[in-house]
Amino acid sequence: MKDDTWDYVTRLRKWLDADAAPTSVEGARLLRVLKISEELGEVVEALHGALGANPRKGASHGWGEDVAKELADVIVTAMVALETVSENGATVVERQLQGRVEEEITAAGGIRLLRVLAISGDMGAIATAVYGALGTGPRGEKVEITHTWEDVEARFGRLILTAAAALDDVTGDAWDTLDERLCFLVARVAA
């Protein structure tokens, strides 16, 4: 990651804070977590297209241009969500990087589909932690507070690294690809 990566993330978060439909702090947190699921669905669609898995559509997507862009969008969206719940998302991700060894990050090698599935698992862990931090069950019922927002932050950090590993499988350089996508998105916001 470049030095200004988190500056771009903060700019995107501030833009959302200022221009998105009004909501509560908790509402903004939840919507930004849900947005990650939407982006992950776009990764799955691009994977289907890259593999030609849908006989009706054939090979409708490419690995480098489509799958990589969608994976970068998952990371950007997770980083914005992390910035929404955290005082310092960069520190959270740095702690996650320090806590993982290189072998763990690259263990799956070229098994791209398993990495995307792992992102889904990370999303489940985030959802559980958010429910636990809010003291709310999946149907809105009051439950015991079982997690802190720091727990949520840690799970975001793990998701960002899992998605970065998947992106690295596709592009060979996840962080440069991510920085390019961030620059593009910030330029669109500024326009």
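Scope of the values below: all heavy atoms of this structure, side chains included, with no hydrogens, waters or symmetry mates.
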query = Could you go step by step and tell me if R155 and D122 meet the salt bridge (charged side-chain N to carboxylate O under 4.0 Å, His left out) rule?
reply = CA-CA 7 Å; R155 284 163 178 81; D122 290 341; over 6 Å; no
inquiry  = Under a 3.5 Å threshold, yes or no: a donor from one side chain and an acceptor from the other, between T10 and E83?
reply    = yes
[X] side-chain N/O to [Y] backbone N/O, donor-acceptor pair under 3.5 Å:
X	Y	answer
E141	R139	yes
Q96	A154	yes
D66	A46	no

message = Holding to side chain to side chain contact (heavy atoms under 4.5 Å, CB included), I want the full list of residues that pass it with E180, two or more places apart in sequence or in another chain.
response =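 If we apply the side chain to side chain contact (heavy atoms under 4.5 Å, CB included) test to E180, skipping adjacent residues, there are no hits.
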request  = Could I get the full list of side chain to side chain contact (heavy atoms under 4.5 Å, CB included) partners for D7, not counting sequence neighbours?
outcome  = D4
key: Stacked cation flag R29 on W149, 6.0 angstrom / 45 deg   = yes
ask   = Is D17 salt-bridged to R32, cutoff N-O under 4.0 Å?
value =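 Yes, this pair counts.
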message = Any salt bridge linking K69 with E65? Criterion: basic side-chain nitrogen under 4.0 Å from a carboxylate oxygen.
response =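 Salt bridge absent between K69 and E65.
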Determine whether [X] and [Y] fall in the same hydrophobic cluster, where Ile, Leu, Val, Met, Phe, Trp and Tyr are linked whenever their side-chain heavy atoms lie under 4.5 Å apart.
X	Y	result
V189	I75	yes
L16	Y8	yes
L12	F184	yes
I119	L51	yes
L40	L31	no

